[in-house]
Protein chains: 2
Amino acid sequence: MDTIDRTLLAELTRDAAQSYARLGEAVGLSAPAAHDRVRKLRKGGALHAVEARINPHAVGKTLLAFVHVDTSGWGKSPALMALADLPEVEEIHSVTGDTCMLLKVRVTDSEALEGFLARLYAIEDVTATRSYVALSTYLERPPQAGITADLTIRQDRAAR
Amino acid sequence: MDTIDRTLLAELTRDAAQSYARLGEAVGLSAPAAHDRVRKLRKGGALHAVEARINPHAVGKTLLAFVHVDTSGWGKSPALMALADLPEVEEIHSVTGDTCMLLKVRVTDSEALEGFLARLYAIEDVTATRSYVALSTYLERPPQAGITADLTIRQDRAAR
DNA sequence: GAAATATGCCGAATATTATTCAGAACTAGT
DNA sequence: ACTAGTTCTGAATAATATTCGGCATATTTC
């Protein structure tokens, strides 16, 4: 994983719909070379699937909430893990702090959120929940590749 | 936005790297028709960019934290909004509940988190922060298109 | 240090896919 | 029924992905 790989990841994170020719140009490589690098990144697990990002509002999911869940036990309760099958649930983390589990949930409206919370309370491990409903989202983006060094690859290659 | 559009969104959310021929086949349309639909979804804002999802661990970001930020004022403080320029910050929401702002932050290690929190406290609006460090992530996925009705389009077309 | 092996890259060739286009079929309004 | 608008299809074309042989450079092995 060198600077070229990191730049490729950054480019792909920004826009995965560009051609390998353009991708290669960005790092000073030919299209087949860029293709090969990306293939290896994919094989190595650094690059997961290429996915489209949809506008949740367009599919009616206008309400975003973060739900803190306090549980009696610790670790992955089967009932809690079953929540992963629900399309409303986007993230499940176990966290440090004054709560055990943290969920990111996207639903159509407050009624749907109530229904979801009711289902949550029905799980025997769950002792309490606290919901943080998002009023407005100022930023939401995928993990960044984060290139530390400046790129001078293209110049290097031209100098050869 | 009919069932076909929703299915297309769901397919693209699952894997955007498939051809329009396959995409069209999934909804019972020809490749150009599927292409046209997707173009319209994109134009209408339902479909944002197509992006690659990277493994944060592969680029050294092993620590995920949710940070609650209490502020003296309300609304988007310019200093707080400046956090959006930092690559560590993935999400910024204003929320209801016992805090004002909720950040999703991904950093390399606990030292980097400390540095980030120090920068956060330096902002004059910030009165307190509470961090929830993710111990393990059980689920993390993009917003789902969520198709309600079952698909019988392909059969319909064959019956013609 | 030299031979052998592996890796990374290139240009050219080929395979696959995206995109355009003209016309047919369906819809909705008058 | 006529018209205008939309959506679709198959064929044609443009663009792109992918494969391949060969070369240069690094890395290992003796």
Side-chain angles (χ1 to χ4, degrees), chain A residues 1-54 58-59 145 147 149-160, chain B residues 1-55 58-59 145 147 149 151-160:
Chain A
M1 171 85 59
D2 57 5
T3 317
I4 294 183
D5 283 339
R6 281 179 167 259
T7 312
L8 285 175
L9 286 179
E11 281 288 320
L12 287 170
T13 307
R14 197 174 54 76
D15 175 21
Q18 53 190 318
S19 71
Y20 285 106
R22 261 190 293 280
L23 217 50
E25 201 194 0
V27 293
L29 289 178
S30 68
H35 180 268
D36 198 51
R37 287 245 183 187
V38 171
R39 193 183 54 79
K40 279 173 189 160
L41 284 170
R42 199 185 296 259
K43 195 181 161 198
L47 184 59
H48 288 145
V50 173
E51 293 160 339
R53 284 176 73 81
I54 63 171
V59 294
I147 309 150
D150 275 329
L151 265 189
T152 49
I153 299 159
R154 220 187 302 200
Q155 284 72 23
D156 287 350
R157 270 184 52 78
R160 275 199 213 159
Chain B
M1 170 85 60
D2 57 5
T3 316
I4 294 183
D5 283 339
R6 281 179 167 258
T7 313
L8 285 174
L9 286 178
E11 280 288 319
L12 286 170
T13 308
R14 198 174 55 75
D15 175 22
Q18 53 191 319
S19 71
Y20 284 106
R22 261 190 293 280
L23 216 50
E25 201 193 0
V27 293
L29 288 178
S30 67
H35 180 269
D36 199 49
R37 288 245 183 187
V38 171
R39 193 183 54 78
K40 279 171 189 163
L41 285 170
R42 198 185 296 260
K43 196 182 162 200
L47 184 60
H48 289 143
V50 172
E51 294 160 340
R53 285 177 72 83
I54 62 171
N55 179 0
V59 293
I147 309 152
L151 266 189
T152 49
I153 298 160
R154 222 188 301 203
Q155 285 71 23
D156 287 350
R157 268 183 53 76
R160 278 197 214 162

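Here is how names work: the chains are called A, B, and so on, in the same order as the sequence lines, proteins then strands, and each is numbered from 1.
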On the nucleotide C:dT7, are OP1 or OP2 found under 4.0 Å from the side-chain N or O atoms that A:K40 carries?
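So the side-chain polar atoms of A:K40 never come under 4.0 Å of the phosphate oxygens OP1 or OP2 of C:dT7.
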Give the rounded distance in Å between these two atoms: [atom1] of [X] and [atom2] of [N].
X: B:D36; N: D:dT9; atom1: CG; atom2: P; answer: 11 Å
X: A:M1; N: C:dG8; atom1: CE; atom2: P; answer: 13 Å
X: A:D15; N: D:dT16; atom1: CG; atom2: P; answer: 13 Å
X: B:Q18; N: D:dA17; atom1: CD; atom2: P; answer: 16 Å
X: B:L29; N: D:dC8; atom1: CG; atom2: P; answer: 5 Å
X: B:D2; N: D:dT7; atom1: CG; atom2: P; answer: 9 Å
X: A:K43; N: C:dG8; atom1: NZ; atom2: P; answer: 11 Å
X: B:L12; N: C:dA18; atom1: CG; atom2: P; answer: 11 Å

Any Lys/Arg nitrogen of B:R22 or B:E25 sitting under 4.0 Å from an Asp/Glu carboxylate oxygen of the other?
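The answer is no: the pair does not qualify as a salt bridge.
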Calculate, to the nearest 0.5 Å, the distance between atoms CG and CG belonging to B:N55 and A:L9 respectively.
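The CG atom of B:N55 sits 9.5 Å away from the CG atom of A:L9.
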So if I take every side-chain heavy atom of B:Y20 and compare against C:dT17, C:dT19, D:dT16, which nucleotide ends up nearest?
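Closest nucleotide to the B:Y20 side chain: C:dT19.
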Of the options C:dC9, D:dT9, C:dT17, whose atoms approach the side-chain atoms of A:R37 most closely?
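Of the options given, the side chain of A:R37 lies nearest C:dC9.
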Review item, nucleotides 20-25 of chain C N/O atoms under 3.5 Å of protein N/O:
none

Sort out for me which residue in A:D2, A:T7, A:L23 forms a side-chain contact (heavy atoms from CB on, under 4.5 Å) with A:R37.
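With A:R37 as partner, side-chain contact (heavy atoms from CB on, under 4.5 Å) holds for just one option, A:D2.
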Residues two or more places apart in sequence or in another chain: which of them pass side chain to side chain donor-acceptor pair (under 3.5 Å) with B:E51?
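Scan of B:E51 (side chain to side chain donor-acceptor pair (under 3.5 Å), adjacent residues dropped) gives A:R53.
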Rounded to 10 degrees, the angle between the two terminal axes of the helix from C:dG1-D:dC30 to C:dT30-D:dA1, each from five pairs:
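For the helix from C:dG1-D:dC30 to C:dT30-D:dA1, the axes at either end differ by 40°.
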Taking all non-hydrogen atoms of both residues, which atom of A:A145 and which atom of B:V59 are closest, and how far apart?
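What the structure gives for the nearest pair is O-CB, 3.7 Å.
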Side-chain heavy-atom pair B:R39, B:D36 within 4.5 angstrom cut-off
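Yes, close enough: below the 4.5 Å cut-off.
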